[in-house]
Each structure stands twice: as structure tokens, then as C-alpha cells.
Amino acid sequence: MLEDYEPTVEISAEGMPQVRMWRGKPILRFQIACKPAGAQCNLGCTYCYYLSKKELLDQEPGKIMSDEVLEEFIRQNINEQNFKRASFLWRGGEPTLCGIDFFKKVVAFQKKHAPDEIKTENEIQTNGTLLDEEWCSFLKENNFRVILSIDGPSYIHDKFRTDSGGNGSLEKALKAAELLRKFDIRFSTYTYINRFSADYPVEIYRFLRDEVGSVLMNFIPVVELKDYETKSSACTSIEEMPPWDSNAARPGNEDSVVTQWSVDPDQWGSFLCSVFDEWYDNDIGKVNIFHFESIMYAAEGKKPPMCIFGPLCGKWMAVEADGNVYSCERFVYPDYSIGNIMQAKLKEILFSKEQHKFAYGKLRDLTSDCRDCRYLDWCYGECLKNRFIQSPTGKPGHNYLCRGYKKFFSYTEERVRTIKNRQKS
């Protein structure tokens, strides 16, 4: 299950936060995606939303996070929280470009600054192409968990996940999975679902289960506005938001507001439904899938553990190699730069007016269609970055994927509740 992602603040039926306690004090816990190599990557995936940050943020080629910034980030990430665990999520770009020596410094700084009663945890997301036995030996010795980005069989993965020469990367990703299994390193898979791959749900799921050996899967819908390289979707004006049932609100049309590789809302719903069928028939208790775990939490009246389905945003910030902090890693744009760890404490940044506005905007700005939906507490309008269309009743700021999620929720609801009842008995 997803106990590692258990929220620290529950929302009561009255909408009031219920704060959990640790050692007699309210828990203050946050997750920060650290980008030590910025947007640098040795792949050039067609649908990647992060590669363009190099130009947008004027990142210097080849430059990684300095020792000074790294130590300050680690010190604050430990000391500014009040919890028994301090979690570190290393992402990119491609974080392994920083080299093993960089991550040896990570471990050393964590040992230097963590009190005995605080456990530090590390998780690194990688395309796997640079992993070798030396890397895996280090990761195992230091209890790193790994997120392996892999999209499916070669005709899917290699279509979009290529290097600078246009060569597919699946062979190296599979070698990485083999090494992770060999070294008994706990790993999950992140699989990005675009307009092409969404048509192969069962093939992708079985590949991840049988060929990659993944037992913890996260499927991520690829949704990007055409101008995503320079502007956040949250900056979409009301006039730019297309009606939910128009061609402009679907990919593959000349007047579409999204990229041609963005997944179609109906496709996304059908993808999740087909994977659920395969999982329900064969793999309950064997394979954990983030979306399925989340809706089971919701069906039991608990806050879903995935941030996209929670009522509030703001606890998943991002810090770049220069120490700049952004409201969320999907909002790494100048408009969402909320501080720098060399000039302010993470706790101060987290509780800043800017971040407070960002966090509560998720619930505050729900369309009336969302508020009246029977699946409100399963979804809460999903991710803020996808709210750029008009709702069925013409309200602005509705979620692009809504139609797909409602299809998924209604299709699986009865079986989800059956699973929960079995677990109780």
C-alpha cells in the first residue's frame, strides 16, 4: 500500500483540517522535489515538460547544485520539519548526471545534520540509462529507493523516449530494471501516457508487470498546452479556455489548445478502466497502482494520498540547482518562484502568502460542476495545471481530464467498494 504517502493533514467532513501530532507537537511535513542538475538530461523525450526550463530559467549548461546550496537544502529539509522522517526526492532532468560523488555528499550531509531520532529517506527518479553496478551498489548500500521512468514495449517507449541522436532508450532502461532486481533495490515505475500509448493499456501493464518486474506503478497522463514552454496553464485567460466538448479541448485538432501528443480525456479514462480490469482479475494484493490505491482511500472516506487528488496543494514544492523554490514542480515558472533557500527558510517559504494562496486555490477555485459532483472527494478537481477548459455549464477553470476521470470512477466504484469491504471482513 501507499503508507509512505500518508497525508499529515486530514480534512474533516466540515472541511476543517485535522492536524496529526508527533511528540506532542503538530506535524509539519512537506515534500520537495530537488532538481540538482536542473533540466539537464541525456534524453530528449518528445513530451517532456521540463527540458524547456533550461532556456526559461537561463540554466547554465553542465552546472549542477553547488556543495553550499546542497548542504543548506539538506539541513533545512531536516530541521524545518517536525516528523520522524525527512524525505528527499531527487529528480530532474536526469539527476544521475550529477554523478555518484555528488550523492555521496548527499549521504554525508544527511548524516551530519540529522539527529539520531530522525530517519532520512532518499528516492531518485531516473531514466535508468546511466545506472550500472557501481551505481546500484551505492543505492543499495544507502537504502535509496528508485523511480524508473519507462513507458512500455519498444514500439511505445522508443517512439518518444530517445537520446539526442534519435535512438531509443528501452534497452538501457530494461538493463537498469535488471540491475535493480539483482541488487534487491526497491523500485517503482513511472509511465507517461500520451495520445499514442493510451491505446495500449493492457500491453503496457503486462509489460511493466512481467518484463520490468514492477509491483508499484504510477501512470501519468501527458497533458500540455501548446505554449507550455513559456507559460503556465494557470495563466490561461478565461477567453482562451475552450468549451469542454469543443475540438479545441481535444488533441489532434488544428485549433486544439493542447499539444498533439497530449492524451485525450476519453482515452485517459478508457486506459485506466482497462488497466483496472486486468489488475482486478489478476493482481489485487500483488501489484499496487497509485490511482487505484487513491480511490480506495477515497471510497473509505479518507483523504486520497496522491497530491493530485487532495483538497489542497502546496506541500510538494520544487527546488532548483540554484536554490530557487517553486510552488510545485509542475509550476516551475518565474511567476511561481516563491523564495530561495539561501535567503529564507523552507518553513517560511511554505507558509508564505504566495504559497498559501496557491495551496488553497485548489479548493477555492473549483467550478460549481466539481462541487456538485458525486466524486468530489475522490478527485477535488485533480491537478491545478490541468484546469484550463470550460465546464459543461460554462464555468472557467475546469479540469481538462474530468470526462476521463468520471468514466474511470463510475466504472470502478462498485468493485472498489467490494475490495474495501473484503479488507474489512
Side-chain angles (χ1 to χ4, degrees), residues 3-9 19-38 63-126 135-147 185-186 314-329 332 337-352 355:
E3 67 274 5
D4 290 339
Y5 301 88
E6 184 181 358
T8 58
V9 178
V19 181
R20 292 168 56 223
M21 308 289 285
W22 185 58
R23 294 192 170 182
K25 295 181 179 179
I27 289 176
L28 171 61
R29 189 184 183 197
F30 45 81
Q31 272 277 21
I32 299 180
C34 183
K35 314 278 191 170
K63 187 174 182 179
I64 65 174
M65 182 175 278
S66 69
D67 291 356
E68 181 184 15
V69 175
L70 175 63
E71 181 170 12
E72 182 62 15
F73 166 65
I74 289 172
R75 186 190 69 79
Q76 287 199 36
N77 198 39
I78 293 170
N79 295 335
E80 295 299 311
Q81 302 193 57
N82 173 36
F83 196 58
K84 59 187 175 182
R85 297 197 302 271
S87 298
F88 294 83
L89 176 56
W90 308 96
R91 300 179 84 157
E94 177 51 45
T96 59
L97 287 173
C98 294
I100 291 179
D101 286 344
F102 176 89
F103 285 96
K104 288 180 178 178
K105 294 175 187 175
V106 166
V107 173
F109 287 144
Q110 289 173 347
K111 290 178 179 178
K112 176 181 176 181
H113 292 289
D116 292 340
E117 68 271 18
I118 302 296
K119 179 183 178 182
T120 57
E121 300 176 331
N122 289 285
E123 190 167 48
I124 184 170
Q125 182 175 359
T126 176
W135 261 109
C136 288
S137 178
F138 167 81
L139 295 172
K140 178 63 177 179
E141 180 182 353
N142 293 285
N143 298 312
F144 274 63
R145 293 180 298 189
V146 174
I147 300 170
I185 296 170
R186 181 183 176 188
K315 289 178 67 178
W316 275 88
M317 300 181 292
V319 60
E320 288 287 336
D322 59 3
N324 279 337
V325 181
Y326 296 83
S327 290
C328 171
E329 68 169 325
V332 178
S337 177
I338 53 175
N340 188 290
I341 60 172
M342 305 306 289
Q343 301 165 1
K345 294 181 179 180
L346 282 171
K347 184 162 59 176
E348 294 172 353
I349 296 172
L350 176 67
F351 286 103
S352 65
Q355 191 67 350

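Throughout, residue positions are numbered sequentially from 1 according to the sequence presented. This structure is a prediction, so every number in the text was calculated from the model and none was measured.
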How about N142 and F103: do any of their side-chain heavy atoms sit closer than 4.5 Å?
-> no
Hey, could you give me the OG1/CD1 distance between T120 and I78, rounded to the nearest 0.5 Å?
-> 6.0 Å
Non-hydrogen atoms of A321 and P36 that approach each other most closely | CB-O, 3.5 Å
Do the side chain of K35 and the main chain of G92 share a donor and acceptor less than 3.5 angstrom apart?
-> yes
CG/N143 to CD/E121 distance, rounded to the nearest 0.5 angstrom?
-> 9.5 Å
Between D322 and V69 the two heavy atoms that sit nearest each other are C-CG1, 4.4 Å
Kindly indicate whether the side chain of W316, heavy atoms from C-beta on, has any atom under 4.5 Å from the side chain of L89.
-> yes
CD1 of I100 to CG of L139, rounded to nearest 0.5 Å, is 7.5 Å
Of all heavy-atom pairs between E320 and M65, which one has the smallest distance, and what is that distance?
-> O-CE, 3.4 Å
Side-chain contact, heavy-atom cut-off 4.5 Å: F102 with P95?
-> no
For the rings on F73 and F109, is their centre-to-centre separation under 6.0 Å?
-> no
Sidechain-backbone polar pair: Q355 side chain, S327 backbone, donor-acceptor under 3.5 Å | yes
Which residues share a salt bridge (charged side-chain N to carboxylate O under 4.0 Å, His left out) with D67, sequence neighbours left out | K105
Which residues pass the salt bridge (charged side-chain N to carboxylate O under 4.0 Å, His left out) test with K112, sequence neighbours left out?
-> E71
Expected output: side-chain N77 to main-chain A86 donor-acceptor under 3.5 Å = no
What is the distance from atom NZ of K119 to atom NZ of K84, rounded to the nearest 0.5 Å?
-> 9.5 Å
Could I get the full list of side chain to side chain contact (heavy atoms under 4.5 Å, CB included) partners for Q125, not counting sequence neighbours?
-> R91, I147, S149, Y190, Y192
Can L346 and I341 be said to form a side chain to side chain contact (heavy atoms under 4.5 Å, CB included), step by step?
-> CA-CA 6 Å; L346 282 171; I341 60 172; 3.7 Å; yes
Can you tell me how far the CD atom of E80 sits from the CG atom of L350, to the nearest 0.5 Å?
-> 10.0 Å
Could you please spell out the steps behind the side chain to side chain contact (heavy atoms under 4.5 Å, CB included) verdict for F88 and V106?
-> CA-CA 10 Å; F88 294 83; V106 166; 5.9 Å; no
For I74 and L70, what are the C-alpha separation, side-chain angles and deciding distance, and is it a side chain to side chain contact (heavy atoms under 4.5 Å, CB included)?
-> CA-CA 6 Å; I74 289 172; L70 175 63; 3.8 Å; yes
Might you point out which heavy atoms bring C328 and A318 nearest each other, and give the distance in Å?
-> C-CB, 4.1 Å
Minimum heavy-atom distance between I185 and C136, given as atom pair plus value = CD1-O, 3.4 Å
Point-to-point distance, once rounded to the nearest 0.5 Å, from OG of S87 to CD of Q81 = 7.5 Å
Parallel, tilted or perpendicular: which describes the rings of F138 and F144, with under 30° parallel and over 60° perpendicular?
-> tilted
